[in-house]
Amino acid sequence: MALTLGIIGFPKSGKTTVFNTLTHSNAETSAYGTSSSPNIGTVKVPDARLDKLTEMFNPKKTTPATVEYTDVAGMAKGAGQTGALPGLNLIQKVEALVHVVRAFDDPNLPHPEGSVDPIRDIQTMDLELAFSDLAVIEKRLPRLEDSIKKFKPGPEREAQSFEKEVLDKLNEALGNDVPLRDLDLSEEELKAIRGYQFLTLKPLLTILNLGEERADDAEKLLAEAKAAAGGKQKIGFAALRGKIEMELSQLDEEEATEFMGELGITESGLSKIIHASYDLLGLMSFLTAGEDEVRAWTIKKGTPALKAAGEIHSDIERGFIRAEIVSYNDLLRAGGLPEARKLGLYRSEGKTYIMQDGDIVNFLFNVSGKK
C-alpha cells in the first residue's frame, strides 16, 4: 500500500508547484485563482539499495515503495470556521498532511494577506484545521447525547458514553488551542475516535517554499518555524525552492543532476520531502530480493517480523515459521547470498524480532501446505 499524504496551503503559496515537483506532473498552477479539482499523483520512493539489489539478483521486476500525494484546492482564510475546507473528504483519509507555506517574494503574485510571513501563515493554518475538527465534534456531541439516552445500560451505551468522554476531552483541548496530535491519547481512546479522521491528529510536515531571493536563508527560516512550533511532536519541517525544483523535475536525470550541481542543490526535492515524511511518521523499508522480484516494503519502525510478514500477505503472517535475514550492508560486503551464508551473516529470526531498516528478508511460512 502506498503511503498517502495530503498537500494543503493557502492560495498563491505554490503548493501545486510543489505537487508537480514531487510527482513530475504538469498540473496547472494558477496565479489568480484555485481549481476545485484535486491533483493526485503516485511516485516511486528513491532507494539506491534497490538498484544494487537489481544488479545482484537480475530479477524479472523491481518494485519500489510508493507515496501518493493529493493536492487539494487552496484554502481560503476562514474556511475551517465555515466548514468549507476544500477537499475535506480527501485529506481526512490521508496518513499525514503536508502544509506548503509561502516564503518567497513575487511582486507579480501578491500574497492574499498583503505580506509574506511564514510564521503567521503556519499559525493561521493551525487554526483552520482546529476549527474544522471543532465543527465535527460540535455536530456529533448533541446526537451522541441523544443516542445515549435511548440505550439501556449495557455494552452499546458504555461504548457511546466512552466516545462522548473522549470527544469532550478533545473539544476542551481544541478550545485551548491544543492540536489533537499533542495529546497523549491511549490506544482505547484512539480506537473510539478512529472514524472521525481529525485533521489536527494527523502528523504535519511543513514545507517552506523558498524563492531564489531567500535561498540562503533556508536554515534561518527553518529555525524560526521550529522555534514557533515549540518542539511539538508529530510536526516536521523542510525547505525547498519550489519553482526551480519543479523545473528540475521536468528534466531527464543527467540534465537534472548537472543543473543541481550548478545551483548547489545536493538532494532533489522529491528525495528531501520523502525522507522528511518517513522521519516524521517513523517509517522505514525492509527489502525482499530474488529472481522473480526485488521489492521495498514500508513499515513502522519497531515492527516485529510477524507483522512485517503480514505486510506482504496475511497467509505469511498466519503461517509464520521464521524469517531468514541479512542486512543490506552485510550482503554488499559479502558480495552475494551464498557468501553471506558462509560468513554467518544470513541468520534466522523469530516472530518477535524487531525489523531494521534495510533488512533483506525471506519469510518461511506454512498455511495449508504452503511454504
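- The nearest pair of heavy atoms linking Gly290 to Pro59 is O-CB, 3.4 Å.
- Both Val178 and Leu141 belong to a single network of hydrophobic side chains, linked directly or stepwise wherever heavy atoms of I, L, V, M, F, W or Y lie under 4.5 Å apart.
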| task | Given side chain to side chain donor-acceptor pair (under 3.5 Å), test Thr288 with Trp297 step by step and report yes or no. | result | CA-CA 8 Å; Thr288 52; Trp297 304 85; 3.0 Å; yes
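- When all heavy atoms of Ala103 and Leu210 are compared, the pair lying nearest together is CB-CD2, 3.8 Å.
- Side-chain contact between Leu331 and Leu53: present, with at least one pair of heavy atoms (C-beta onward) separated by less than 4.5 Å.
- In summary, the side chains of Glu324 and Ser348 do not present any donor paired with an acceptor at a separation below 3.5 Å, with no hydrogens or angles considered.
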| Under the salt bridge (Lys or Arg N to Asp or Glu O under 4.0 Å) criterion, do Glu317 and Lys351 qualify, and how do the steps go? | CA-CA 9 Å; Glu317 180 178 1; Lys351 60 180 66 176; over 6 Å; no
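- More than 12 heavy atoms of other shown residues, nucleotides or ligands fall within 6.0 angstrom of atom NZ in Lys301.
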| Full working for side chain to side chain donor-acceptor pair (under 3.5 Å) between Ser147 and Gln160 | CA-CA 8 Å; Ser147 180; Gln160 292 204 339; 2.7 Å; yes
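- With 3.5 Å as the limit, one finds no donor-acceptor pair spanning the side chains of Thr4 and Tyr69.
- The neighbour count for Phe162 CZ, taken as heavy atoms of other residues, nucleotides or ligands under 6.0 Å away, is above 12.
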| request: Please lay out, stage by stage, how Phe198 and Tyr196 fare under the test ring pair (Phe, Tyr, Trp, His ring centres under 6.0 Å). | output: CA-CA 6 Å; Phe198 290 118; Tyr196 292 100; 5.2 Å; yes
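- Summarising the geometry of Arg181 relative to Lys234, their closest heavy-atom pair is CD-O, 3.6 Å, with the distance given to 0.1 Å.
- Judged purely by distance below 3.5 Å, without hydrogens or angles, the side chains of Asp133 and Thr200 pair a donor atom with an acceptor atom.
- Note on Asp330 versus Arg333: salt bridge recorded, some NZ/NE/NH1/NH2 to OD/OE distance being below 4.0 Å.
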| request: Let me see the working for Glu349 and Arg322 under salt bridge (Lys or Arg N to Asp or Glu O under 4.0 Å), right down to the final yes or no. | output: CA-CA 6 Å; Glu349 299 286 358; Arg322 66 180 183 274; over 6 Å; no
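- The side-chain heavy atoms of His313 and Ile316, taken from C-beta on, include a pair separated by under 4.5 Å.
- With no hydrogens or angles considered, a side-chain donor-acceptor pair links Arg347 and Tyr353 at under 3.5 Å.
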| request: Determine, step by step, whether Lys93 and Gln197 satisfy the side-chain contact (heavy atoms from CB on, under 4.5 Å) criterion, reporting the C-alpha distance in whole Å, the side-chain angles of both residues, the deciding distance to 0.1 Å, and the verdict. | output: CA-CA 7 Å; Lys93 297 174 184 177; Gln197 297 289 353; 5.7 Å; no
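- If you chain together hydrophobic residues whose side chains sit under 4.5 Å apart, Leu205 and Leu5 fall into the same group.
- Aromatic ring orientation, Phe10 versus His99: perpendicular (interplanar angle above 60°, classes split at 30° and 60°).
- For the residue pair Gln356 and Ser327, no side-chain donor N or O sits within less than 3.5 Å of a side-chain acceptor on the partner.
- Ser249 and Thr21 form no side-chain donor-acceptor contact under 3.5 Å, judged by distance and modelled atom types alone.
- Within a 6.0 Å radius of CD in Glu156, other residues, nucleotides and ligands contribute 12 heavy atoms or fewer.
- The number of heavy atoms from other shown groups lying within 6.0 Å of NZ (Lys202) is above 12.
- Of all non-hydrogen atoms in Ser25 and Thr23, the two that sit nearest each other are OG-OG1, 2.6 Å.
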| request: Take Asp71 and Lys15 through the test salt bridge (Lys or Arg N to Asp or Glu O under 4.0 Å) and record every step on the way to the result. | output: CA-CA 8 Å; Asp71 166 43; Lys15 75 183 171 49; 2.8 Å; yes
